[in-house]
Amino acid sequence: MWRYFVGAGAALVLGLAGLFLLRGSAAPPVKLPGAPAAHVAAAAAEDPLPPEAPGATAKTREQKRFDRYDKDRNDAVTREEYLLSRRKAYAKLDANHDGRLDFEEWAAKTTTKFAGADADKSGALSRTEFLATAPKARPGARPRCVCPAAPAKEEAED
């Protein structure tokens, strides 16, 4: 029976504490000063706002992509226009301009990255040298996933 009295007393104490916390945390409203007279006069002198806000064009993603490929703006993408971006990429890779890619030309960027990371010129990357080959994060890019940190593994006791 005494447990009921203790429980009721605890509930009453918690209720009173909550009441005091709620009443004590209500801060008086902050009174903001009025706008300066010069700013109000300048705002009144400006041109009136248009009746509706300007909107973006209603082009879809595919319409924008089509417009990027259609270089001569004739509403048709020819084979040459379609392959132009590929030809430019191929021309960048074809270092000796013979019209053919060998493995060294195709892997030039990776080979350069490896050579730059191999600080001691040993032909192999140590762990610290390998860290230099990690892809750099683009500025402003959002992380793909925000995962919680993995729990630390506990060492086996001997």
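Numbering of residues begins at 1 and proceeds along the displayed sequence. All values below were derived from every heavy atom in this structure, side-chain atoms included, with hydrogens, water molecules and symmetry-related copies excluded.
Asn96 and Glu105 get closest at one heavy-atom pair: OD1-OE2, 2.6 Å.
Distance check, rounded to the nearest 0.5 Å: CZ of Arg87 to NZ of Lys92 gives 16.0 Å. Rounding to the nearest 0.5 Å gives a distance of 9.0 Å between NZ of Lys121 and CD of Glu129. Glu81 CD to Thr78 OG1: the interatomic distance, rounded to the nearest 0.5 Å, is 3.5 Å. The CD atom of Glu104 lies 10.5 Å from the OG1 atom of Thr110; values are rounded to the nearest 0.5 Å. Rounding to the nearest 0.5 Å places CG of Asp118 at 8.5 Å from OG of Ser126. Taking CZ from Arg65 and OH from Tyr69, the interatomic distance works out to 5.5 Å, rounded to the nearest 0.5 Å.
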Exercise. Could you walk me through whether Phe114 and Leu125 pass the side chain to side chain contact (heavy atoms under 4.5 Å, CB included) check?
Worked result: CA-CA 8 Å; Phe114 182 90; Leu125 298 179; 3.4 Å; yes
Problem set entry | Full working for side chain to side chain contact (heavy atoms under 4.5 Å, CB included) between Asp94 and Arg100 | CA-CA 7 Å; Asp94 188 14; Arg100 292 186 297 173; 5.9 Å; no
For this session: Carefully, step by step, assess Arg73 and Asp67 under the rule side chain to side chain contact (heavy atoms under 4.5 Å, CB included).
Result: CA-CA 7 Å; Arg73 302 289 181 236; Asp67 289 344; 4.0 Å; yes
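With a 6.0 Å radius and a threshold of 12 heavy atoms from other residues, nucleotides or ligands, Tyr90 has its OH atom above the threshold.
Using a 4.5 Å heavy-atom threshold, the side chains of Val6 and Trp2 count as touching.
With respect to Lys71 and Glu80, no salt bridge is recorded, no charged nitrogen being found less than 4.0 Å from a carboxylate O.
Under the 4.5 Å side-chain contact rule for hydrophobic residues, Phe66 and Leu83 share a cluster.
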